[in-house]
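Residue numbers begin at 1 in each chain, while the letters A, B, ... track the order of the sequences.
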2 protein chains.
Amino acid sequence: MNSKKPQIGAPKNILVPVILLHLRDINAYGYELMEKLTTFGIDSVDRGNFYRILRQLEKDELVTSEWNTDENGPAKRIYAITEEGLSYLDLWAGSFDEYQKLLTNFFKLYNPFLFASTPANKKTDEADDIND
Amino acid sequence: MNSKKPQIGAPKNILVPVILLHLRDINAYGYELMEKLTTFGIDSVDRGNFYRILRQLEKDELVTSEWNTDENGPAKRIYAITEEGLSYLDLWAGSFDEYQKLLTNFFKLYNPFLFASTPANKKTDEADDIND
DNA sequence: TACTTATAAGTGTAATTTACACCTATGTGC
DNA sequence: GCACATAGGTGTAAATTACACTTATAAGTA
């Protein structure tokens, strides 16, 4: 198990919903998506596995793709989300909602005074943005 | 990959910090901890792997254990957190803080109106134009 | 006594996921 | 004709997870 240091960084399975979320707004190709993710808060993605995830999403019919050779440089595989992908994204949103509650529970136990009822307590310390 | 349904349920690596968090408050044995976790919001743990995680945590010197044969029933292996375990827990707390921000980013994109500045917006409708 | 149930702590191992290294190809600038 | 940035991949060992199964103690009960 090697529990010496925590996965500083998100569980990798977060990649799938975040990809779908971005594709809901704009059609995009893999390379582009990876760049967007780093600005989203996900630092460092394994490029190789990222492309594999995209191809798998296509196999599962959550996205579709087609080659774009119009622009300069190497051809890009442009992805678009499907109806199925959209409802799959909604499932994830529900799951993340649960997970947020879990994290709130964690911090309630970890640092109970952050959740104290009097606003005075909250003002005394920095991290009062934890619970939102 | 089989992306057909999301891991409705937490990433398993959350188990380690949650175990440590509980052990910070009370010394406990595996079976007991598993019951606590279900009330904590983690539904269904793999008992076998749970015990394996505990033994691994001990190998990593994040917890210590000793048998308790005083009480009725099978002997219990009582765990206690170490100093190292405590600081490891703190590392996790930082990591979760990051992850919470990521989830907030997710929902900002997923359902932006939840984060609208005017309270009036929140009141008007539930989610009409978001998904269609 | 033998059998069932609840508690407590595990083992074995296949399947899945992740990490890490490496490969192919196109176009631009030097 | 070579380096470099972009774009999309493969191969595979290591780690993790899921699922089935095992051992053992004590209490209750037929």
Reading DNA chain D from 5' onward, which residue's closest nucleotide shows up sooner: A:Trp67 or B:Glu71?
A:Trp67
In whole Å, I'd like the distance from the CD1 atom of A:Ile53 to the P atom of D:dA7.
19 Å
In whole angstrom, what separates B:Gln56's CD from D:dA14's C1'?
14 Å
Just compare C:dA9, C:dT7, D:dG9 and give me whichever is closest to any side-chain atom of A:Arg55.
D:dG9
Does a nitrogen or oxygen in the side chain of A:Arg52 sit under 4.0 Å from OP1 or OP2 of D:dG9?
no
If you only use heavy atoms from C-beta on, which nucleotide in C:dT28, D:dA7, C:dA8 is closest to the side chain of A:Tyr51?
D:dA7
Between D:dA27, D:dT25, D:dG9, which nucleotide gets closest to the side-chain atoms of B:Pro74?
D:dT25
Decide whether A:Thr82 and A:Glu61 meet the rule of one side-chain donor and one side-chain acceptor closer than 3.5 Å.
no
Indicate whether any N or O donor in one side chain lies under 3.5 Å from an N or O acceptor in the other, for B:Asp60 and B:Tyr88.
no
Atom CD1 of B:Ile78 and atom C1' of C:dA9 are separated, to the nearest Å, by 12 Å
Starting at atom CD of A:Glu35, determine the distance to atom P of D:dG8, rounded to an integer number of angstrom.
11 Å
5'-most contact on DNA chain C (nearest-nucleotide basis), A:Asp46 vs B:Gly73, goes to B:Gly73
Which part of the nucleic acid, if any, lies within reach of B:Tyr29 when heavy atoms closer than 4.0 Å are counted: base, sugar-phosphate only, or nothing?
sugar-phosphate
Tell me whether the guanidinium CZ or amine NZ of A:Arg77 lies under 6.0 angstrom from the six-membered ring centre of A:Tyr31 and within 45° of its axis.
no
Round to the nearest Å and state the distance from B:Phe50 atom CZ to C:dT11 atom C1'.
17 Å
Below 3.5 Å, does any donor atom in the side chain of B:Asn49 face an acceptor in the base of D:dA18, or the other way round?
yes
Side chain of A:Tyr31 (C-beta onward), nearest among C:dT7, D:dG8, D:dA27:
D:dG8
Assess the pair A:Tyr99 and B:Tyr99: is the distance between their ring centroids shorter than 6.0 Å?
yes
Would you please test A:Phe106 and B:Phe96 for ring pair (Phe, Tyr, Trp, His ring centres under 6.0 Å) and show each step?
CA-CA 9 Å; A:Phe106 178 89; B:Phe96 281 157; 4.9 Å; yes
If only side-chain N and O atoms of A:Arg77 are considered, is one of them under 4.0 Å from the OP1 or OP2 phosphate oxygen of D:dG9?
yes
Protein-nucleotide distance (B:Arg47, atom CZ; C:dA8, atom P), rounded to Å
10 Å
Atom pair distance, as rounded to whole Å: CG in B:Leu54 and P in C:dT11
12 Å
Students often get this wrong, so: under 4.0 angstrom with heavy atoms, is B:Gly48 touching a base, only sugar-phosphate, or nothing?
base
Could you state the CG-C1' distance from A:Leu33 to D:dA7, rounded to the nearest angstrom?
13 Å
